[in-house]
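Remarks on the structure that follows.
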Protein chains: 2
Amino acid sequence: MGASSTSERLTTALQVNKRVCGWNLTTLRFPLVSRSARRNSPGVRKSYREVIDVSWGDPHRAGVKPLSFVRQVLAACLYPQLMDGDKLMVDVKQRAQRLLKTCAGGSVGSYSDAAGIPQIIQSVSEYILRRDGGIPCHPENIYITPGSQWALTVTNILKVLVNSEASPRTGVLIPVPCHSTTIVSLTALGAVAVPYYLSEERGWALEVETLQQALDSAKGVCNPVALYIINPGNPAGYVQSRKCIQEVIHFAAEKKLFLLADEVYQDCVYGKESEFVSYKRALAEIGAPLSDTVELASFHTASKGLMGECGLRTGYVELVNLDPAVMKYINNLFSTNSCPVLGQVALDVMVNPPQPGDPSYPLYLKVRHFLFTITTGDANSLRGAFAFPRVFLPPKAIEKAKEAGLQPDTFYCMRLLEEAGVLFSPGTEYGQMEGTYHISFCIMTPTDTMEEILKRLSTFHKQFMREFA
Amino acid sequence: MGASSTSERLTTALQVNKRVCGWNLTTLRFPLVSRSARRNSPGVRKSYREVIDVSWGDPHRAGVKPLSFVRQVLAACLYPQLMDGDKLMVDVKQRAQRLLKTCAGGSVGSYSDAAGIPQIIQSVSEYILRRDGGIPCHPENIYITPGSQWALTVTNILKVLVNSEASPRTGVLIPVPCHSTTIVSLTALGAVAVPYYLSEERGWALEVETLQQALDSAKGVCNPVALYIINPGNPAGYVQSRKCIQEVIHFAAEKKLFLLADEVYQDCVYGKESEFVSYKRALAEIGAPLSDTVELASFHTASKGLMGECGLRTGYVELVNLDPAVMKYINNLFSTNSCPVLGQVALDVMVNPPQPGDPSYPLYLKVRHFLFTITTGDANSLRGAFAFPRVFLPPKAIEKAKEAGLQPDTFYCMRLLEEAGVLFSPGTEYGQMEGTYHISFCIMTPTDTMEEILKRLSTFHKQFMREFA
């Protein structure tokens, strides 16, 4: 029935990517994660009370508490009888009532339009307009999207960009480090991921020369049509300056690349030296003709904008300067699904949080500030949700890993899990320069948990280095 | 940047499908729906109070109320403080507490495993086992899935089956009528939809001869690898007998077709003459070698199993007899997304509703029975959620429609909307035998709403027939 030949095709595509780009997709996280599940099951002897899993960009998993305003609005929408009593603040009730009116039949259990609930799209467009200092934002360019960007949103856009039948294959420039699910999604579409390496020496900055190097490396292998950017960086946290962004845009214009801007950490930038500038704003500020021609898709999500809420699976994409014919096809592709309505409700709160004067504002502000402070130690220094430090592994450990058929950093993370009950991601899952090794972990984690992690890590690391000295 | 050539490719694929299969994808529903939105906006003069939209399989949109047990459990999971008071039944609290324990960090805001929360997958597998009279069900074959089946679930499976580079193209047998989003999704993957026509004379039964006719029609056009079945039927409501299902399975085995069984209306079958038999059960009952070899994917969803809750976007797929290598690739594809956690919570309630003896049981039973009765007039006759009656349109109306560049049934539905404020779907959206016209509407609609619809329809229809006599 053709499946085995298709497996072969996929295998080949994965191998091509591995050969060309250095990503190692044979070591995905699942073995580590299922091991973590086993470790927390009763009956297994262990030296720690329970596994701490900070391998995901998932604050609630790491112990961060949700924002109560968000949760109250959601609960009230689900079970409107809750609004009868006096347990909920008046602005919670008003918000829930307003949002329920936007749902068909007044229920969050009905389907929404494929692009999202029009009134919530309108709220999103007003949020973008405010964020970008008044640069116009058109609701018809916004799609509220379910699930992770890659699985659906980006995939829908790439479906239009990627010609799986092309020879050479369609290429997409992807930063390293970058999570391997991106590569899996790309590969499943028949595209080739072309890596450009962020500069670890410069705090994981994007240097435009590396984009040119990536294009050069693609020659004879594939035909690059799009450039994928993650800003603020994930997993490495670098925030691009306006100047850097404008250089990237000029490069994309010159090379006729479609810009895919993953900007989901835009609300997690604090501190004087870092300011988030959106690709849309930077593009508009360059002016014509680029501002009217460079094609851009910008992504955001409630998973990151609301101190967690990954479980709601909601985000949006804004499309800029797309050919109307292409928009029509993207519209058709999005029309085969619609976004969870509760996620859309949360998105409305994300783009319209309580304001000064609202009854819920003082508590909202306090909780949000508290969460930022407990998760970072300093609310002025957060950039993104991950740390991605380099680990220097001794040759004997590298040898031992190879004997076990593992990447050296995967080996390190597995030992860390087994011996200290801490689950990190190995850099291998994100791609890294050959011969360098990294570990990645979620820093949006309560202080006491982070202290425990660092304590366990320190003890483990000393022991590991002694063992392989 | 390649997009325009890709648009051309998609256009060509859509045209191939149109030519081969008779589906008319140029008349998708969007113009009707946006017109409906306009109609309900203030300032437009109209002869009715508001538009009644029963064009979707969306009970809450049509005015059906949600099951309160489901909503209470969801609200308690979102805002656990609600469990402190005595407003919620003890079994609601117990369920919410049990489910919160299955969430990472005890929050529905954390990511779940890509396949779903293991304990909820376990619940689903036990439900399937009970449903199928004890035929084994393995949790590792179940994936909890976000959104509509076509957008992601079926797409992920078809990604493995469909070789977009094959010549001739990969084909999938699809029933007529069947919603056009299915065809859009298939086409986007590079596959060709091969229609088999259900027998309107026999109440939209599936006749195995039509499957052979479909295969014959595909010769020289595409290479069919899968057979898509909707049972109970949607939009037409036919429930296949065990004998019919076993004939279909034998046919699939002989022709080496992968079976895609859309069984989302399985909980909406009542009445002595109709019994839902799952494809999995029928396959197991046939015995070896077929029971060990025929590849099957069966789909279900909370949108239909819970009297609505389409807005939660949750379902599951069970995969049977798949090659382990193929399972591995499907696992990789699913790993790029995960399902909304609140939807998973609802799925747990769907497969484990309150039982006799539970405090919430009497109310749950009463509400559920009441909903079935008000939505169908008779709880013994419900099959699926749609009616798909044929309309006989006079030649002058057909001519007028053609002048307006519309399909005759789309023309009828637009006039119905404009003049009576009732929104149905035209049969064109589902495909139909040439020269026949249908209208489709959701019958899971409160009795008083349905009476109002029939009153408006009757007045409109008489006037329409007079106008074009």
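Just so we're on the same page: letters track the sequence lines, and every chain starts at 1. Atom set for the values below is all heavy atoms of this structure, side chains included, hydrogens, waters and symmetry mates excluded.
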Of the listed G109(A), G106(A), A226(A), A76(A), the one with the largest count of heavy-atom pairs under 4.5 Å with chain B is G109(A)
In short, R71(B) meets S107(A) closest at the heavy-atom pair NH2-OG, 2.9 Å
Below 4.5 Å, heavy-atom pairs only: which of S68(B), G311(B), A302(B) has the largest tally toward chain A? G311(B)
Might you point out which heavy atoms bring D58(B) and Y111(A) nearest each other, and give the distance in Å? OD2-N, 2.8 Å
Closest non-hydrogen atom pair between R61(B) and A104(A), with its separation: CZ-CB, 3.4 Å
Contact origin within L82(A) toward chain B - heavy atom pairs under 4.5 Å: side chain
Leading residue by heavy atom contact count with chain A [cutoff under 4.5 Å; candidates V341(B), L78(B), N223(B), V108(B)]: L78(B)
Taking all non-hydrogen atoms of both residues into account, name the closest pair between C310(B) and S110(A) and its distance. CB-C, 4.3 Å
All pairs passing side-chain hydrogen bond (donor to acceptor under 3.5 Å, both in side chains) where residues 76-86 of chain A contributes a residue, at least two apart: Y79(A)-Q72(B)
Of the backbone (N, CA, C, O) and the side chain (C-beta and beyond), which part of C77(A) lies under 4.5 Å from a heavy atom of chain B, both, or neither? backbone
When only pairs under 4.5 Å are counted, which of P224(A), C103(A), G105(A) shares the most heavy-atom pairs with chain B? G105(A)
Between CG of L74(B) and CG of L74(A), what distance do you get to the nearest 0.5 Å? 10.5 Å
